[in-house]
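To keep things clear, I will list the structure first and then write my remarks on it.
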Amino acid sequence: METVNEPKREFYTYFISTSKFYYDLSSTVNSPIVVCEMLYEAINAGIKLLTYYFSLQYKPRNEVVKELSNILGDWVEYYWSLGLTLHYDCYLSGNVDQDDIPFYENQVKDFISKVEEVVFG
(Lines give C-alpha, C1' and ligand atoms only; values in the text may rest on other atoms or scores of the structure.)
Protein backbone atom coordinates (compact mmCIF):
# COMPACT_ATOMS: atom_id res chain seq x y z
CA MET A 1 0.00 0.00 0.00
CA GLU A 2 1.08 3.57 -0.56
CA THR A 3 2.73 5.78 2.01
CA VAL A 4 0.17 8.46 2.83
CA ASN A 5 1.48 12.03 2.89
CA GLU A 6 -0.10 14.54 5.27
CA PRO A 7 -2.53 16.26 2.84
CA LYS A 8 -3.81 12.87 1.64
CA ARG A 9 -4.01 11.63 5.23
CA GLU A 10 -6.25 14.58 6.10
CA PHE A 11 -8.39 13.97 3.03
CA TYR A 12 -8.73 10.28 3.84
CA THR A 13 -9.41 11.09 7.49
CA TYR A 14 -12.38 13.19 6.37
CA PHE A 15 -14.00 10.17 4.73
CA ILE A 16 -13.34 7.72 7.56
CA SER A 17 -14.62 10.34 10.03
CA THR A 18 -17.74 10.76 7.91
CA SER A 19 -18.24 7.01 7.88
CA LYS A 20 -17.88 6.82 11.66
CA PHE A 21 -20.14 9.86 12.09
CA TYR A 22 -23.02 8.19 10.24
CA TYR A 23 -22.40 4.93 12.08
CA ASP A 24 -22.50 6.70 15.45
CA LEU A 25 -25.50 8.80 14.43
CA SER A 26 -27.44 5.65 13.58
CA SER A 27 -27.47 4.66 17.26
CA THR A 28 -29.18 7.93 18.23
CA VAL A 29 -32.16 7.52 15.90
CA ASN A 30 -35.39 5.79 16.90
CA SER A 31 -36.66 5.01 13.40
CA PRO A 32 -35.31 1.74 11.96
CA ILE A 33 -35.77 3.16 8.47
CA VAL A 34 -33.55 6.14 9.24
CA VAL A 35 -31.03 3.88 11.00
CA CYS A 36 -30.73 1.92 7.75
CA GLU A 37 -30.02 5.09 5.78
CA MET A 38 -27.38 6.22 8.27
CA LEU A 39 -25.69 2.81 7.99
CA TYR A 40 -25.84 3.03 4.20
CA GLU A 41 -24.19 6.46 4.34
CA ALA A 42 -21.43 5.00 6.54
CA ILE A 43 -20.74 2.35 3.90
CA ASN A 44 -20.96 4.90 1.11
CA ALA A 45 -18.34 7.13 2.75
CA GLY A 46 -16.04 4.13 3.20
CA ILE A 47 -16.39 3.16 -0.45
CA LYS A 48 -15.61 6.76 -1.44
CA LEU A 49 -12.48 6.64 0.69
CA LEU A 50 -11.30 3.44 -0.98
CA THR A 51 -12.16 4.93 -4.37
CA TYR A 52 -9.84 7.88 -3.79
CA TYR A 53 -7.18 5.78 -2.11
CA PHE A 54 -6.91 3.56 -5.17
CA SER A 55 -7.40 6.47 -7.64
CA LEU A 56 -10.62 5.11 -9.10
CA GLN A 57 -12.72 8.26 -8.66
CA TYR A 58 -13.37 8.78 -12.38
CA LYS A 59 -15.09 5.44 -12.88
CA PRO A 60 -18.75 4.51 -12.37
CA ARG A 61 -19.53 3.13 -8.93
CA ASN A 62 -20.31 -0.40 -10.15
CA GLU A 63 -16.90 -0.58 -11.87
CA VAL A 64 -15.21 0.85 -8.80
CA VAL A 65 -16.72 -1.81 -6.54
CA LYS A 66 -15.62 -4.58 -8.92
CA GLU A 67 -12.07 -3.21 -9.13
CA LEU A 68 -11.87 -2.73 -5.37
CA SER A 69 -13.02 -6.33 -4.90
CA ASN A 70 -10.33 -7.49 -7.31
CA ILE A 71 -7.74 -5.58 -5.28
CA LEU A 72 -8.99 -6.21 -1.74
CA GLY A 73 -11.27 -9.23 -1.90
CA ASP A 74 -14.94 -10.11 -2.06
CA TRP A 75 -15.68 -8.26 1.16
CA VAL A 76 -15.97 -4.98 -0.77
CA GLU A 77 -18.80 -6.29 -2.96
CA TYR A 78 -20.46 -7.90 0.06
CA TYR A 79 -20.56 -4.67 2.04
CA TRP A 80 -21.58 -2.57 -0.97
CA SER A 81 -24.44 -5.00 -1.58
CA LEU A 82 -25.41 -4.64 2.07
CA GLY A 83 -25.34 -0.86 1.66
CA LEU A 84 -27.64 -1.03 -1.35
CA THR A 85 -30.01 -3.28 0.60
CA LEU A 86 -30.03 -0.80 3.47
CA HIS A 87 -30.71 2.10 1.11
CA TYR A 88 -33.22 0.62 -1.33
CA ASP A 89 -34.99 -2.14 0.58
CA CYS A 90 -34.94 -0.69 4.08
CA TYR A 91 -34.89 3.08 3.64
CA LEU A 92 -36.70 3.71 0.36
CA SER A 93 -39.11 0.76 0.49
CA GLY A 94 -39.54 0.76 4.26
CA ASN A 95 -39.02 -3.00 4.38
CA VAL A 96 -37.02 -3.40 7.58
CA ASP A 97 -37.30 -5.65 10.60
CA GLN A 98 -36.20 -4.01 13.85
CA ASP A 99 -34.59 -7.30 14.88
CA ASP A 100 -32.18 -7.07 11.93
CA ILE A 101 -30.73 -3.71 13.00
CA PRO A 102 -28.06 -5.10 15.40
CA PHE A 103 -26.80 -7.39 12.61
CA TYR A 104 -26.57 -4.44 10.21
CA GLU A 105 -24.81 -2.33 12.82
CA ASN A 106 -22.21 -5.04 13.44
CA GLN A 107 -21.64 -5.51 9.72
CA VAL A 108 -21.11 -1.79 9.15
CA LYS A 109 -18.75 -1.59 12.13
CA ASP A 110 -16.69 -4.43 10.61
CA PHE A 111 -16.67 -2.67 7.24
CA ILE A 112 -15.35 0.56 8.75
CA SER A 113 -12.59 -1.40 10.51
CA LYS A 114 -11.57 -3.07 7.25
CA VAL A 115 -11.44 0.25 5.41
CA GLU A 116 -9.36 1.79 8.18
CA GLU A 117 -6.93 -1.11 8.07
CA VAL A 118 -6.48 -0.79 4.31
CA VAL A 119 -5.90 2.95 4.30
CA PHE A 120 -4.22 3.66 7.63
CA GLY A 121 -2.66 0.28 8.42
Side-chain angles (χ1 to χ4, degrees):
M1 300 295 152
E2 74 178 81
T3 303
V4 180
N5 63 38
E6 192 56 34
K8 280 187 177 183
R9 184 179 257 318
E10 288 179 16
F11 183 67
Y12 298 156
T13 299
Y14 162 77
F15 284 104
I16 202 66
S17 296
T18 301
S19 187
K20 289 177 179 179
F21 169 77
Y22 281 114
Y23 174 79
D24 291 342
L25 186 62
S26 73
S27 68
T28 68
V29 178
N30 291 327
S31 166
I33 293 171
V34 177
V35 169
C36 288
E37 185 65 0
M38 297 296 101
L39 294 175
Y40 160 74
E41 290 295 347
I43 292 173
N44 192 41
I47 294 291
K48 285 180 185 177
L49 170 53
L50 293 173
T51 299
Y52 282 105
Y53 184 76
F54 287 102
S55 301
L56 300 171
Q57 62 268 25
Y58 300 110
K59 296 187 176 197
R61 183 58 63 95
N62 61 337
E63 285 181 34
V64 167
V65 170
K66 286 179 185 176
E67 286 196 41
L68 289 171
S69 290
N70 288 337
I71 296 166
L72 300 170
D74 291 339
W75 63 268
V76 178
E77 282 190 81
Y78 169 78
Y79 288 113
W80 181 240
S81 177
L82 174 64
L84 293 178
T85 297
L86 290 167
H87 181 66
Y88 289 106
D89 294 349
C90 299
Y91 178 68
L92 294 178
S93 297
N95 185 17
V96 61
D97 184 341
Q98 178 77 36
D99 294 336
D100 293 336
I101 296 296
F103 171 77
Y104 295 147
E105 290 170 333
N106 287 332
Q107 292 296 296
V108 173
K109 184 177 181 179
D110 290 344
F111 170 74
I112 294 169
S113 294
K114 286 179 180 290
V115 171
E116 261 187 315
E117 180 64 29
V118 168
V119 176
F120 300 104

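- Residues passing the side-chain hydrogen bond (donor to acceptor under 3.5 Å, both in side chains) test with Y78, sequence neighbours excluded: Q107.
- Contact check for L86 versus I43: side-chain heavy atoms found under the 4.5 Å cut-off.
- Atom SG in C90 sits 4.0 Å away from atom OH in Y104 (nearest 0.5 Å).
- Judged as a salt bridge (charged side-chain N to carboxylate O under 4.0 Å, His left out), the pairs with a partner in residues 46-65 (not counting sequence neighbours) are, in order, K59-E67.
- Within 6.0 Å of CZ on F11 lie more than 12 heavy atoms contributed by other residues, nucleotides or ligands.
- A distance of 12.0 Å separates OH of Y58 from OG1 of T51, quoted to the nearest 0.5 Å.
- The residue from I101, V35, V34 that alone fulfils the side-chain contact (heavy atoms from CB on, under 4.5 Å) condition with S26 is V35.
- Considering SG of C36 and CD of E105, their distance stands at 9.5 Å, rounded to 0.5 Å.
- Rounding to the nearest 0.5 angstrom, the gap separating the OH atom in Y79 from the CG atom in D110 is 4.5 Å.
- Annotation: the span from T13 atom OG1 to F120 atom CZ amounts to 4.0 Å, rounded to 0.5 Å.
- With a 4.5 Å cut-off on side-chain heavy atoms, V76 and I47 count as touching.
- Classification of the H87-Y91 ring pair by plane angle, with boundaries at 30° and 60°, yields parallel.
- Screening residues 19-35 for salt bridge (charged side-chain N to carboxylate O under 4.0 Å, His left out), with sequence neighbours left out, gives K20-E116.
- In this view, K66 satisfies the side-chain hydrogen bond (donor to acceptor under 3.5 Å, both in side chains) rule with no residue, not counting sequence neighbours.
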Next on the checklist: Let's go through L50 and L72 carefully: what are the C-alpha distance in whole Å and the side-chain angles of both, what is the deciding distance for side-chain contact (heavy atoms from CB on, under 4.5 Å) to 0.1 Å, and is it a yes or a no?
Outcome noted: CA-CA 10 Å; L50 293 173; L72 300 170; 4.1 Å; yes

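- Sorted by first and then second residue, the salt bridge (charged side-chain N to carboxylate O under 4.0 Å, His left out) pairs with a member in residues 83-98 form an empty list; sequence neighbours excluded.
- Looking at T18, its side chain never comes within 3.5 Å of a backbone N or O of A45 through a donor-acceptor pair.
- Within 6.0 Å of CZ in F15 there are more than 12 heavy atoms belonging to other residues, nucleotides or ligands.
- V108 and Y23 get closest at one heavy-atom pair: CG1-CD1, 3.9 Å.
- The neighbour count for Y22 OH, taken as heavy atoms of other residues, nucleotides or ligands under 6.0 Å away, does not exceed 12.
- A donor-acceptor pair under 3.5 Å is formed between the side chain of S93 and the backbone N or O of Y88.
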Next on the checklist: Evaluate N44 against W80 for side-chain contact (heavy atoms from CB on, under 4.5 Å), listing each step before the verdict.
Outcome noted: CA-CA 8 Å; N44 192 41; W80 181 240; 3.8 Å; yes

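- Every pair tested for salt bridge (charged side-chain N to carboxylate O under 4.0 Å, His left out) that includes a residue from residues 32-46 fails, sequence neighbours excluded, so the list is empty.
- With rounding to the nearest 0.5 Å, the separation of CG in L49 from CZ in F54 is 9.5 Å.
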